[in-house]
Amino acid sequence: MSARGAALPSVGSGRQRSDRPLHAQLYDRIRKAVLSGALSPGARLPSARAMALEAGVSRGTVDVAYARLAVEGFLVTRGAAGTFVTSPLPITPRGAPPAPAKDPRPAPHGRAALRPFQVGVPAVDAFPVATWSRLLGRHARRARASDLARSDPCGDGALREAVAAHLAVSRGVVARAEQVVITGGYHGALGLLARALARPGDRAWLEDPGYHRTRDALALAGLRLAAVPVDAEGLVVARGVALAPRARFAFVTPSHQMPLGMALSLPRRLALLAWARGAGAWVVEDDYDGEFQHASAPLPALKSLDDQGRVIYAGTFSKSMFPALRLGFLVVPDGAHDALARAASLLHPPPPLAVQRAVADFLGEGHFARHVRRMRALYAERRGALARALEELASPHLQLDPGAGGLHLTARLTGARDGEVVARAALLGLAPGALSSYQVRAGRGRLEGLLLGFAALPAPRARKAVSRLAQAIEQAREAPPPCAPEPPPARVGRR
């Protein structure tokens with residue numbers, strides 16, 4: 001850790017207010033910073049020359065202060081490596097609370113911090129971190145003066161071209177680079193759409209069950225949601241027309257319905273596009289797991305059938321690369337581009353330029369395609385291991401749905417509430433999702449089930465995780481049902 005971020009005020013500024021020598025003033029300031037914890041044990045101090053410039057004194061003054069602090073044990077000098085705060089420091093910083101007793105177990109981090117069954121988390125343990133670091137470092141080092149000026153609010157040109165080329169090959173989406181808008185992940189795309197194209201009170205179709213964070217984001221933006229049911233063929237378009245024929249939006253997951261996993265059938269796709277054309281509505285296609293269809297080759301995107309410019313395609317690299325990247329994109333029809341570009345310039349800037357260019361190289365140099373091929377094989381292995389463990393070890397009250405792809409399995413639950421199972425599972429170190437939380441309309445038959453993410457669960461660990469899940473289910477089944485609230489006491493006295 002460097003000391004440059006610590007509060008070390010200029011010594012020279014105090015010349016007229018103190019009779020103490022400058023080296024003593026500098027000594028006091030550094031000593032107080034060490035004792036207060038502002039300079040932590042092991043922190044590296046600036047060189048004597050740099051400290052002299054920072055503090056406004058001569059280098060000799062710094063040398064004297066550093067030497068005194070070293071003699072007293074506050075600092076240690078390591079030759080050309082520099083000057084550091086002594087570590088471990090034998091003095092407790094003043095005002096600091098007593099240090100808590102340390103847990104002998106190492107704190108979880110990285111892969112170890114991932115809990116089994118987390119939904120939406122890819123196999124970050126298999127991501128080519130070294131390749132990504134090299135690409136990111138390349139663009140961090142190659143920054144030009146022109147890059148320091150304002151960047152394109154719709155995203156870097158190289159990345160937009162790379163995304164357009166990738167979609168044409170992998171998803172059947174033919175688009176110009178100018179139609180691609182880079183966003184801060186999928187939720188950044190939702191915010192951009194809500195700001196640019198929606199007005200409070202607009203109606204929007206939403207799949208039921210559907211992605212709960214989309215639901216919450218749209219409600220926050222003031223849209224009125226029409227919960228459209230899904231069946232084995234996906235969104236029931238006729239029901240959507242009956243509920244909200246003049247809705248302004250339809251938010252759909254046609255390649256792999258979230259959370260149930262079916263694909264939207266071709267007749268339903270054509271019916272949805274025909275409705276959007278007649279109603280002048282926007283269809284927002286969330287293609288969140290389009291690369292990972294386990295039973296067959298990935299289905300073409302709904303956008304590939306759109307010849308009237310009514311589909312806005314939303315994609316992200318959170319699942320295909322890693323979630324912390326938080327980089328997504330929209331493919332925008334010409335009729336919506338200007339409004340989205342204006343909103344992007346005012347409210348929703350894209351991620352940093354070096355990150356965008358590193359992703360462009362990751363796509364353009366073939367790393368992305370190779371990574372996705374490896375992940376398809378790895379996910380097939382992990383999905384199979386989880387399915388076998390569930391068949392052998394899980395509760396008879398859990399029945400797998402035949403989902404076609406994605407990064408999780410959906411299992412129907414009987415004999416227990418899924419929310420109770422999720423709570424019990426969390427105490428056992430697991431993180432399944434509750435299917436009922438994805439349901440929009442409470443009046444519809446309640447769905448009980450679990451979403452079991454497998455992408456970040458190595459195959460050898462599946463059986464142990466499923467055993468703990470079975471234990472959570474049994475605990476939930478044995479829990480007493482929630483008590484009905486007592487009626488309020490009768491009011492006595494004057495009305």
Side-chain angles (χ1 to χ4, degrees), residues 110-129 131-132 166-167 169-171 185-186 211 253-263 286-301 315-325 327-328 359 362-363 366-394 398 400-411 430-433 435 438 449-466 469:
R111 283 184 293 171
L114 296 176
R115 293 181 294 164
F117 306 134
Q118 281 186 257
V119 177
V121 179
V124 292
D125 57 326
F127 184 75
V129 176
T131 299
W132 170 251
H166 161 67
L167 293 177
V169 173
S170 67
R171 307 298 295 124
Y186 174 65
Y211 185 38
T253 52
S255 294
H256 174 238
Q257 201 276 333
M258 181 65 180
L260 298 180
M262 75 285 288
D286 176 8
D287 198 27
Y288 77 104
D289 265 348
E291 292 92 355
F292 302 117
Q293 297 290 327
H294 305 300
S296 61
L299 293 171
T316 174
F317 294 106
S318 295
K319 307 296 189 298
S320 51
M321 291 179 64
F322 54 93
L325 182 62
L327 189 148
V359 173
F362 197 77
L363 288 166
H367 306 296
F368 182 85
R370 286 190 291 273
H371 177 61
V372 168
R373 283 197 300 271
R374 288 194 299 267
M375 291 306 95
R376 286 177 183 155
L378 179 64
Y379 292 156
E381 175 192 353
R382 293 184 174 184
R383 184 180 190 273
L386 177 57
R388 288 190 297 273
L390 288 168
E391 291 174 1
E392 297 171 9
L393 303 175
L398 205 61
L400 278 180
D401 273 358
L407 303 184
H408 71 265
L409 294 175
T410 303
L430 308 175
L435 179 58
Y438 290 78
L450 300 176
L451 274 61
L452 305 173
F454 58 79
L457 179 61
R461 301 180 188 174
R463 291 179 63 86
K464 182 178 180 180
V466 170
L469 180 64

Shortest non-hydrogen pair, R171 vs S255, comes out as NH2-OG, 3.0 Å

Determine yes or no for a side-chain-to-main-chain donor-acceptor pair under 3.5 angstrom, with R463 supplying the side chain and A389 the backbone.
no

Is the distance between the ring centroids of F362 and F127 under 6.0 Å?
yes

Spacing of Q257 atom CD and Y288 atom OH [to the nearest 0.5 Å]
7.0 Å

Does any part of the side chain of V119, heavy atoms only, come nearer than 4.5 Å to the side chain of M258, both counted from C-beta?
yes

Once you round to the nearest 0.5 Å, how far does CG of L398 lie from CG of L409?
10.0 Å

Nearest 0.5 angstrom please: L469 CG to L390 CG, how far?
7.0 Å

Do D287 and Y186 pass the side chain to side chain contact (heavy atoms under 4.5 Å, CB included) test, and can you show the C-alpha distance, the side-chain angles, and the key distance before you say yes or no?
CA-CA 10 Å; D287 198 27; Y186 174 65; over 6 Å; no

With T316 via side chain to side chain contact (heavy atoms under 4.5 Å, CB included) - residues at least two apart:
S318

Residue pair T253 / Y211, side-chain heavy-atom distance below 4.5 Å
no

Can you confirm whether L260 sits close enough to L435 that some side-chain heavy atom of one is under 4.5 Å from a side-chain heavy atom of the other?
yes

Contacts of E391 meeting side chain to side chain contact (heavy atoms under 4.5 Å, CB included) (sequence neighbours excluded), chain-then-number -> none

Looking only at heavy atoms, which two atoms of A455 and R382 are closest? And how far apart?
O-NH1, 2.5 Å

Side chain H256, main chain L407, donor-acceptor under 3.5 Å:
no

Could you give the distance from NE2 (H408) to CG (D401), rounded to the nearest 0.5 Å?
9.0 Å

Within the side chain of Y379, is there an N or O that forms a donor-acceptor pair under 3.5 Å with the backbone of A123?
yes

Could you pull out all residues at least two apart from F117 that satisfy ring pair (Phe, Tyr, Trp, His ring centres under 6.0 Å)?
none

Residues forming a side chain to side chain contact (heavy atoms under 4.5 Å, CB included) with V372, sequence neighbours excluded
E291, F292, F368, R376

Least distance between heavy atoms, P259 atom then T410 atom:
O-OG1, 2.9 Å

Can you tell me how far NE2 of H371 sits from CG of L378, rounded to the nearest 0.5 angstrom?
9.0 Å

List in chain and number order the residues that pass side chain to side chain contact (heavy atoms under 4.5 Å, CB included) with P323, two or more places apart in sequence or in another chain; answer none if no residue qualifies.
P122, V124

Partner residues of R373 under the salt bridge (charged side-chain N to carboxylate O under 4.0 Å, His left out) criterion, sequence neighbours left out:
none

In plain terms, say whether D125 and R461 are close enough for a salt bridge, that is, a side-chain N and a carboxylate O under 4.0 Å apart.
no

